[in-house]
Every structure is written in C-alpha cells, then in structure tokens.
> 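Handing you a structure now.
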Amino acid sequence: MLGDWKPKEIEPKWQKKWVELGAHKFDPRDAKRPVYSMDTPPPFTSGDLHMGHVLSYAYFDFAARYKRLRGFNVYYPQGWDCQGFPTEVKVEAKFGKKLKPEEFRAKCVEWTDQFISRMRQQMISMGFSPDWDYEYKTMSPEYHRKVQLSLLKMYANGLVYRGEHPVFWCPHCVSAIAKAETEEEQRATELNFVKFVSHETKDGYITIATTRPELLHACVAIFVHPDDNRYRKLVGTHAHTPLYDREVKVLTDPDVDPTFGTGIVMMCTFGDKQDVVWTYRHNLPAIESIDRYGKLLNAGEFTGLKVADAKMKIIERLKADGLLIKQEKIQQTVKTHDRCKKPIELLTSKQWFCKIKGFEEPVKSAARAMRWVPEFTLQYLIDWANYIEWDWVISRDRIFGTPIPFWHCKKCGEIVTPPEDKLPVYPISDAPPLPKCPKCGGELEGEKATCDCWVDSSISPLIISKWMEDEDFYNLTFPATLRPQGTEIIRTWCFYTIYRSLMLTGKPPFKELLINGMVLAPDGKKMSKSLGNVIPPDKLIEDYSADAVRQWTALSGAFARDKPFSYKDIQYAKSFVLKLWNASKFVEKSLEGFDRRKTKGTTLKFRTVDRWMLSRINRLIKSNTANYDNYDYFAIITSVQDFFWHEFCDFYLEEVKHRLYQSEKFGEDSKKATQFTLYVVLLDVLKMLAPIMPHTTEEIYDSIYKVHEGDKSLAQSKWPALYEKDIDEKAEKKAILLNQVLTEIRKFKAEKKMALNADIAAVKIRTLEPELLDDVKEEITEAGKAKKIETSQGDFKVEVAV
RNA sequence: GGGCCCGUAGUCGAAUGGUAAGACGUCACCCUGACACGGUGAAAACUCCCGGUUCGAUCCCGGGCGGGCCCACCA
C-alpha cells in the first residue's frame with residue numbers, strides 16, 4: 001500500500017531499479033522493433049550541470065521514454081565534451097605551467113574524469129535514462145582515433161589543408177586566443193587624416209582617415225564605396241602610401257561607410273577583422289606587420305617598436321612631413337583579451353583548415369530536408385551558411401585537445417600523414433611516420449596544434465553509430481533519428497555536423513532537430529556567477545523532487561525561446577505530484593478486492609459518469625499521442641493536469657464515493673464498474689505522465705498495477721491503447737451538466753456557510769434539455785446530498801431549498 | 001546594419017476568424033470518510049498602437065512602438 005510520498009526514497013530507488021531491470025537498454029540485435037536513435041549533445045565537462053542542461057536533457061529524456069513506451073528500440077547514448085580551454089586554465093591554476101605536455105594532458109584527463117562522475121550522478125538523480133553502456137568521452141584514445149581518421153579521409157579528399165590565416169593574438173600573453181575569449185572595450189582615440197600621393201587629383205593627394213597609422217607599412221589597398229560619386233574616377237587608379245611609398249590600388253567595396261572619415265579607407269594586414277574579410281574577398285597580399293610580442297615588422301626604421309610607441313612616433317613624423325591634415329577625437333571599440341584586458345592583434349600564422357566555402361549549398365539543402373522543431377530555427381542555419389566568409393580554422397594552439405594527425409617537412413612544407421591503422425597518433429611526441437621528407441629529404445616535424453572542439457563534437461553521430469568500426473551497428477543507428485540541441489550552437493555544432501557527415505558519409509547525420517532555448521534567472525537575466533543569480537539544479541531536486549523539476553521543464557513552454565525560471569511553476573509542479581499521489585492512494589484503497597483480469601469477458605454496468613471518464617481519457621490519449629510525437633510537452637502536462645485535477649479528482653471521485661462505500665445499497669455491479677473506471681483512468685494517466693515524472697508514476701504502478709498488468713515496470717510497459725469507440729459525446733454532455741448542477745449546489749452551500757457534505761431538502765433544476773439529467777440523478781442526490789430533485793425545461797437555473 | 005522570436009488580467013501564460021483557458025498572487029468561505037501542498041466561490045484583460053482584408057480580428061496582411069536573442073560592423 002502507498003504511504004506518504006517520499007521522493008528522496010523512491011527516486012534513487014527507481015533510478016537503481018531501472019538499471020537492474022535493463023529498462024533503458026538498447027538492443028542492437030533486436031530486429032523487430034524500429035530503432036529510434038538520439039544524437040544528444042555531450043555537455044562540456046565543467047563539473048556541474050546547470051539549469052540549461054536540466055531543461056534540455058529533460059526534453060531528450062521525455063522523448064526517449066515516450067518512444068520506449070511506443071515500442072521503439074531506443075538508442076540514447078550519453079557523451080562528454082571534455083577538451084577545452086577552461087579545463088586547461090583550471091589545471092594550470094592548480095599545477096602551474098611547469099608540466100610537460102604529456103603530464104599536463106594526463107592531469108587534465110584526471111581532472112575531467114572527476115567532473116564527469118559528478119555530472120553523471122547529477123544526470124542520474126534527474127532520472128535521465130541514457131543507456132550508460134554507450135557512454136563516450138571526446139578525450140578518449142578511441143575518440144581521438146575516429147577524429148583523426150575523419151581528418152585523414154577529408155585530407156585525402158582535399159577538404160583539409162594547411163595555410164596562412166589570421167588569428168586573434170594577445171601580444172601581452174604571447175598566445176593565440178579564441179574569439180570567445182575576447183572582450184570589447186570603449187575607448188577614446190584619434191582619427192587621423194593622412195595624405196596619400198595620387199596623380200589623379202588636382203592637389204596630388206587623396207586623404208584617408210585611420211585610427212591605426214602605425215599600420216601604414218602594411219597597407220595593401222584603398223577602398224571606397226562603389227556608389228560614392230566623389231571618388232568614382234579614382235577607382236582602379238593607384239596611390240602611394242606616405243613614409244613607405246608603396247603603390248596601392250583603389251578598389252570598391254560595399255562594406256565601406258562613405259560617411260565615415262573621408263569615405264576612403266586604407267586596408268592593412270591586419271588592422272581589424274574587416275581587413276581579413278577584404279583580404280579574402282579581393283584576394284589581396286598579406287604583409288606580416290606585427291610580431292608575436294606586438295612589435296612592428298617590415299616597417300623600415302620603425303621596425304622593432306611596440307605598437308603604441310610606433311603610433312606616437314609615426315604621427316610625429318607625419319606631422320613633421322605635412323602629411324597629417326588633422327586629428328579628430330572619436331570613440332572606438334577595441335577588442336581586448338578577457339584575462340589580461342590588453343588590446344589584441346590579428347596575426348597570421350600557419351593553421352589547419354576545413355574547406356567549407358563552396359559547400360554551403362549541400363549543407364543548406366540537407367538541412368532543409370530535415371524536420372526542424374520549431375520550424376523557424378532552420379533559418380538560423382541558413383543565415384549562417386549565407387554569411388560564411390572563409391574556411392573553418394580547425395587548429396588551436398592548445399594542449400588538451402585532439403592532436404591534429406599530420407607531420408610536415410621543415411624544409412619544403414610537404415605534409416606527411418600517418419597510416420590509418422596507427423591511429424591515434426600524438427605528433428608532438430610520436431616519431432614521424434617516415435624518417436624524412438619523401439619529397440626533399442628534409443626533417444619532418446609533428447603538428448603541435450590540437451583540434452577545435454567542434455572538430456571533435458561534429459562527428460558525434462558517427463561516433464555513436466560506430467562508424468568505420470561496426471557496419472551492422474552503423475546501418476542500424478545512422479543517420480540518427482533525432483538531434484536535440486540549443487539555438488546558440490546551430491551555427492557551430494549543427495552546421496559542422498551536417499557538413500562533416502555529408503563529406504564523410506555522403507548522408508545527412510540526422511532526420512529531426514529539436515531546438516530548445518535557454519533558462520534565464522527568475523529576474524529574466526542570464527544566469528551567471530557574477531550576477532549571483534544562478535540556481536543550482538541539485539538544490540531544486542532537494543527541495544522539490546526530480547519529478548517536480550522535470551515537470552517544471554515541461555511547463556516551461558515553447559522551444560527555442562528563452563524562459564525565466566519560476567519558483568511558482570515548480571511549486572505547482574510539486575503540488576501536482578502530491579495530488580497524483582494522494583488520489584492514487586484513494587484509488588488503491590477503492591480497488592481492494594478488485595481484479596481487472598476477472599472483468600475480462602464480463603459486461604460491466606457503467607453509469608454515465610463512468611462513460612464520461614472513459615470518453616475523456618481516450619480523448620486525452622489521442623491528443624497526447626500527437627503531442628508527444630510533436631514534442632509538445634507543455635500541451636501534454638497541462639492537459640493531463642487539468643483533466644486529472646479538475647475532472648477526475650474534483651468531480652468524478654466525489655461522484656462515485658457512494659458506490660464504493662455503500663455497495664450493499666447501490667449494488668456490487670455498480671461498484672465494480674466504477675472500480676474498473678478508476679483502474680483504467682489512473683493507469684492511463686500514469687502512462688501519459690511516465691515520461692515526464694517517471695519516479696512517482698513508477699512507484700504508484702508498482703504498488704497498484706504490477707500484479708495485474710504483468711509488466712515488470714511502468715518504464716517497460718506499453719503506451720495506452722486508444723479505444724475510439726469509448727469517446728462518447730452524449731455522456732460528456734450529461735456529465736458536464738451534472739457538474740454544473742453540483743457547482744451550483746456547492747456555491748449555494750458556500751454562500752450559506754454550510755458544510756459541503758450538509759444535506760439539502762431539495763434542488764430545482766431548470767435546463768434546456770432536462771432529460772439529460774435522467775442518468776445522473778443518483779450523483780446529484782449522493783454527491784450533492786439533495787433529498788429531492790425537480791427538473792423543468794428552460795434556461796439553466798438551479799434553486800436550492802434547505 | 002542584417003536575421004529571427006515575442007508583446008494577452010498585478011505576475012506568468014494558453015487558445016481561437018465570432019470579445020478570451022489555466023496557474024500564482026489577492027479577497028470571502030469550507031478541515032466533503034485520498035489530499036489544507038486540499039475544496040467552493042469572488043474581484044481582476046478596451047488581447048501594445050494605427051491602418052487594411054472580413055458580416056465580424058486578439059488571432060490574417062501592412063506600418064509603427066516596445067522587449068529579447070543571434071550575427072555583422074565601428075577603418
């Protein structure tokens with residue numbers, strides 16, 4: 001028998017039992033059930049699950065649990081995205097910078113493993129149901145092998161290459177940094193109006209405006225806007241840079257702002273990102289202008305000066321030479337390094353690339369063929385694909401990452417690849433695959449850089465399907481059925497995954513995408529440590545139970561929209577779990593002596609209220625089957641809550657108590673019919689709620705239903721069958737009228753300050769179709785405690801006499 | 001600057017081409033033989049603004065205002 005609801009006992013109990021029962025197992029040998037495979041996001045191993053994880057992973061879990069009930073062979077693996085800069089920072093903080101790369105990497109692995117076990121435990125306490133036999137880590141040698149194999153294959157097809165590329169560089173830290181590590185800062189600076197020699201103008205000069213005169217030596221072109229009539233005749237001519245007298249061409253580009261400065265801009269390698277874009281767009285030469293320490297290169301007499309000094313000296317010189325017309329004070333946004341707050345530069349260096357320019361169309365058309373939930377999120381990917389300016393830089397100057405599996409000749413630059421059966425390789429420490437360069441005999445050097453983390457994660461559907469490892473498994477699980485993920489990584493994870501899958505397998509990686517938004521703090525702002533508004537999921541589980549937290553995620557509504565966390569919603573969720581529990585206790589007690597199996601083949605004497613309940617539950621099964629298929633968890637949870645709380649509990653239970661308690665008066669048959677109805681309705685409700693609140697429903701099932709139904713657990717049972725013929729509009733109409741009458745009686749009692757179970761002498765009911773009440777008079781008498789009922793025809797009105 | 005999403009009672013939010021659920025909060029009352037983390041009621045919304053289509057729009061179209069997110073840019 002059910003006692004008090006104790007989530008802290010039943011939740012861990014079932015989390016353990018499901019594993020023992022193998023309730024979440026994927027069976028690759030099962031040829032009968034259709035496969036439903038899920039390519040879920042491997043979370044970055046930061047050490048703690050945050051509310052965003054909880055929200056999105058709960059949705060994935062709803063899908064997995066629902067599909068299992070529907071008879072699918074669900075493949076739900078869980079991975080971990082391990083390698084990244086934040087881990088390096090933490091390990092460096094703890095162990096210092098002295099470690100050798102191999103030792104440092106080992107410490108990172110050790111550190112990450114600890115984090116994984118913590119996060120795994122958090123997932124388990126949320127009741128998530130991946131098949132842990134298929135767990136993967138991006139830092140494992142096997143994962144490295146697959147990533148490297150994928151790069152070798154793409155290299156063989158000319159899709160991976162080594163080349164020069166600008167990277168964000170911090171001269172202060174002497175290190176390349178990612179765009180994500182940059183910050184922006186407003187500062188005041190001077191806009192300098194500088195004369196370039198030109199033979200096309202009357203005075204022999206054209207004037208450009210620049211905030212970075214120290215880059216004059218790296219100027220390779222001058223741009224004006226194509227529609228700028230002032231300079232139309234200059235286009236295609238040449239000018240000469242001051243101080244260096246380099247000849248540069250005047251070109252047009254729509255990105256030029258004709259209203260800024262003089263409307264003429266000099267392009268240097270590289271003043272800012274726009275210069276990078278122009279370099280690629282107009283195929284311009286790149287001049288190495290600044291070294292790794294922020295000192296000028298190739299700048300004649302100014303070579304070796306730090307950027308700030310050079311700027312001062314160059315401005316002085318321009319003034320002295322009469323080449324500086326004027327200076328204007330302006331506000332400027334400067335990119336800075338988030339750790340040292342010093343301005344960063346763009347430097348070119350040798351990097352590895354994936355060729356994505358030119359493959360936008362195949363990626364877009366593959367994406368268009370997929371089902372996007374919600375639909376508009378497809379646009380995020382299309383927009384991104386349309387904006388790609390250059391190829392994907394896949395190399396990072398890091399240690400804790402997948403090594404890029406190439407060697408190159410120090411002399412001629414020839415690339416040497418390792419044999420596939422030797423993977424994974426660690427070129428930083430391994431011996432080269434060949435003793436010397438096959439082309440020129442020069443010395444081979446292993447690549448020091450590691451892969452961008454998206455290189456790792458963009459083959460997740462290949463990893464989980466055992467690509468190039470187990471062909472049967474691959475055919476069974478690839479492409480994945482579902483790719484659930486957040487909006488913010490459509491441009492990265494999603495785009496790169498589709499691209500890589502097309503390049504490596506010729507097939508799209510998945511069929512459907514489920515896109516979720518972010519959880520905001522209750523104040524509507526992003527949760528962040530610095531704002532102090534972070535809500536830890538563990539605390540919510542502690543205070544409200546995992547089932548309530550899961551239910552809250554379903555209540556959080558639409559996909560791809562950000563949603564502030566609400567304590568009110570989670571409190572309501574908890575109240576509902578308790579309501580379900582208490583009502584189940586009542587049903588359990590009411591079912592004493594009832595055996596579902598013995599009703600088979602017998603005819604039950606249903607009353608109208610029973611038919612109403614059976615009709616409503618079947619309607620819900622119908623609509624919620626569709627809702628689950630559409631991933632509309634909000635519609636499911638709200639419709640079941642409303643039905644269960646306000647129809648089943650508030651009305652039906654009150655309307656049948658007399659039949660349960662006074663069977664000698666109302667008949668055993670009548671009692672049996674209501675027992676049957678209680679049994680069926682609660683069971684179907686449990687099943688509809690099982691994916692969302694699995695622990696509580698499982699415990700109730702275990703106590704009331706297991707002996708009758710035969711399934712070892714609710715998780716291993718079947719989605720409720722739909723009995724369309726039980727949908728009974730007439731019974732619904734009668735029950736609705738009955739409930740209106742009871743409402744009026746309750747209202748009367750409340751007004752008269754009477755107890756709700758107080759007797760009343762008579763009730764007079766006027767209604768348009770009084771005959772509808774014929775079948776429900778017993779309920780009016782018993783639930784309303786009305787001794788006498790009079791009905792008449794007319795507009796609805798209820799009069800009560802004490 | 002570009003793209004996308006959103007704008008409904010104090011708050012959160014659903015639905016709909018025919019003036020609008022529910023929840024929280026507020027107020028009044030009631031411990032109905034499962035539940036006071038319960039029950040019965042009440043008050044509370046000119047569905048952001050302006051046009052258009054329509055017999056009729058909150059829902060469709062156009063414009064505006066306001067909020068959010070992503071991307072780009074600031075020479």
Side-chain angles (χ1 to χ4, degrees), chain A residues 2 4-5 184 186 191-192 208-213 215 219 222-223 255-257 260-268 270-275 277-278 330-335 374 376-380 382-384 386-387 389 487-491 517-518 520 522 524-526 544 548 555-564 566-569 571-590 634-635 638-639 641-642 645-646 649-650 653-654 657-658 660-662 742-758 783-785:
Chain A
L2 296 166
D4 290 340
W5 178 58
E184 295 188 339
Q186 288 287 329
L191 184 60
N192 304 283
I208 61 104
T210 178
T211 55
R212 300 205 65 180
L215 290 177
C219 175
I222 284 174
F223 283 101
D255 285 352
V256 176
D257 177 359
F260 188 93
T262 59
I264 310 177
V265 49
M266 72 167 183
M267 202 244 75
C268 306
F270 293 105
D272 60 34
K273 201 162 169 201
Q274 181 68 58
D275 296 334
V277 172
W278 281 334
I330 59 161
Q331 283 293 313
Q332 181 194 31
T333 312
V334 188
K335 275 200 194 308
F376 69 83
T377 50
L378 166 64
Q379 197 59 36
Y380 289 121
I382 304 287
D383 286 350
W384 175 248
N386 290 339
Y387 269 101
E389 292 272 9
T487 35
E488 73 284 1
I489 51 176
I490 289 175
R491 296 175 159 84
M518 280 197 319
L520 306 175
K525 293 186 180 131
K526 248 185 186 174
Y544 295 94
L555 281 171
S556 289
F559 283 106
R561 228 198 288 171
D562 298 339
K563 165 82 189 177
S566 152
Y567 279 102
K568 195 182 66 195
D569 285 351
Q571 180 56 53
Y572 185 75
K574 187 180 175 184
S575 304
F576 180 68
V577 183
L578 201 63
K579 186 74 182 177
L580 176 71
W581 184 265
N582 284 318
S584 298
K585 268 162 60 178
F586 173 79
V587 171
E588 183 174 45
K589 225 171 67 182
S590 306
F634 181 87
T638 51
S639 67
Q641 280 174 350
D642 282 353
W645 204 318
H646 301 297
C649 293
D650 291 350
L653 293 188
E654 295 303 325
K657 277 178 179 170
H658 65 281
L660 295 165
Y661 296 135
Q662 305 171 61
L742 290 176
T743 299
E744 290 300 321
I745 294 173
R746 285 168 179 171
K747 202 194 280 190
F748 175 86
K749 288 178 177 175
E751 278 164 9
K752 292 285 183 284
K753 306 195 178 177
M754 294 166 69
L756 279 173
N757 60 352
K785 307 281 178 195

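Keep in mind that the numbers below use all heavy atoms, side chains included, and drop hydrogens, waters and symmetry copies. Convention: sequence-line order gives letters A, B, ...; per-chain numbering from 1.
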> For A:Y567, check ring-ring contact (aromatic ring centres under 6.0 Å, His included) against everything at least two apart and list the hits.
A:F565

> Base, sugar-phosphate or nothing for A:K589? Non-hydrogen atoms, less than 4.0 Å.
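The answer is sugar-phosphate, as A:K589 gets under 4.0 Å only of primed atoms, P, OP1 or OP2.
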
> Which pairs count as side-chain hydrogen bond (donor to acceptor under 3.5 Å, both in side chains) when at least one residue sits in residues 571-587 of chain A, sequence neighbours excluded?
none

> Identify whether any heavy atom of A:L191 sits under 4.0 Å from a base atom; if not, whether one sits that close to sugar-phosphate; answer base, sugar-phosphate or nothing.
nothing

> Is any side-chain nitrogen or oxygen of A:K273 closer than 4.0 Å to OP1 or OP2 of B:rA75?
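It does not, given that no N or O in the side chain of A:K273 lies less than 4.0 Å from OP1 or OP2 of B:rA75.
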
> For A:D383 and A:L756, find the nucleotide of RNA chain B closest to each by heavy atoms; which residue's nucleotide sits nearer the 5' end?
A:D383

> Counting only distance, no hydrogens or angles, is the base of B:rC29 paired donor-acceptor with the side chain of A:K753 under 3.5 Å?
no

> How far apart are the closest heavy atoms of A:A573 and A:L555, and which atoms are they?
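Closest pair (atom of A:A573, atom of A:L555, distance): CB-CD1, 4.5 Å.
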
> Taking salt bridge (charged side-chain N to carboxylate O under 4.0 Å, His left out) as the definition, give me every residue that meets it alongside A:E588, ordered by chain and number, with sequence neighbours left out.
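Expected list: none.
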
> If we take the C1' atom in both B:rG51 and B:rA57, what is their distance in whole Å?
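Rounded to whole Å, the distance is 13 Å.
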
> Checking A:D650 now: which residues fulfil side chain to side chain donor-acceptor pair (under 3.5 Å) with it, not counting sequence neighbours?
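For A:D650 the side chain to side chain donor-acceptor pair (under 3.5 Å) partners, ignoring immediate neighbours, are A:H646.
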
> Considering just the side-chain nitrogens and oxygens of A:T377, establish if one lies under 4.0 Å of OP1 or OP2 belonging to B:rC4.
no

> Just to confirm, is there a sub-4.0 Å distance from OP1 or OP2 of B:rU11 to any side-chain nitrogen or oxygen of A:Y572?
no

> Side chain of A:W645: nearest nucleotide among B:rG38, B:rC35, B:rU11?
B:rG38

> How many angstroms lie between CZ in A:R491 and CG in A:D383, if you round to the nearest 0.5 Å?
6.5 Å

> Does A:F223 have any ring-ring contact (aromatic ring centres under 6.0 Å, His included) partners at least two apart in sequence or in another chain, and if so, which?
A:W278, A:H282

> Between B:rC71, B:rC5, B:rC73, which one does the side chain of A:F376 approach most closely?
B:rC5

> Which stems, defined as runs of 3 or more consecutive Watson-Crick or G-U wobble pairs with both pairing distances under 3.5 Å, involve RNA chain B?
B:1-7 with B:65-71, B:10-12 with B:22-24, B:26-30 with B:38-42, B:48-52 with B:60-64

> With rounding to whole Å, what would you report as the distance between B:rC35 and B:rA14 at their C1' atoms?
27 Å

> Which part of the nucleic acid, if any, lies within contact of A:V256, taking any heavy atom under 4.0 Å across all strands shown: a base, the sugar-phosphate backbone alone, or nothing?
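Base, at least one base atom sits under 4.0 Å.
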
> Of the nucleotides B:rC73, B:rA34, B:rG3, which one has an atom closest to the side chain of A:K585?
B:rA34

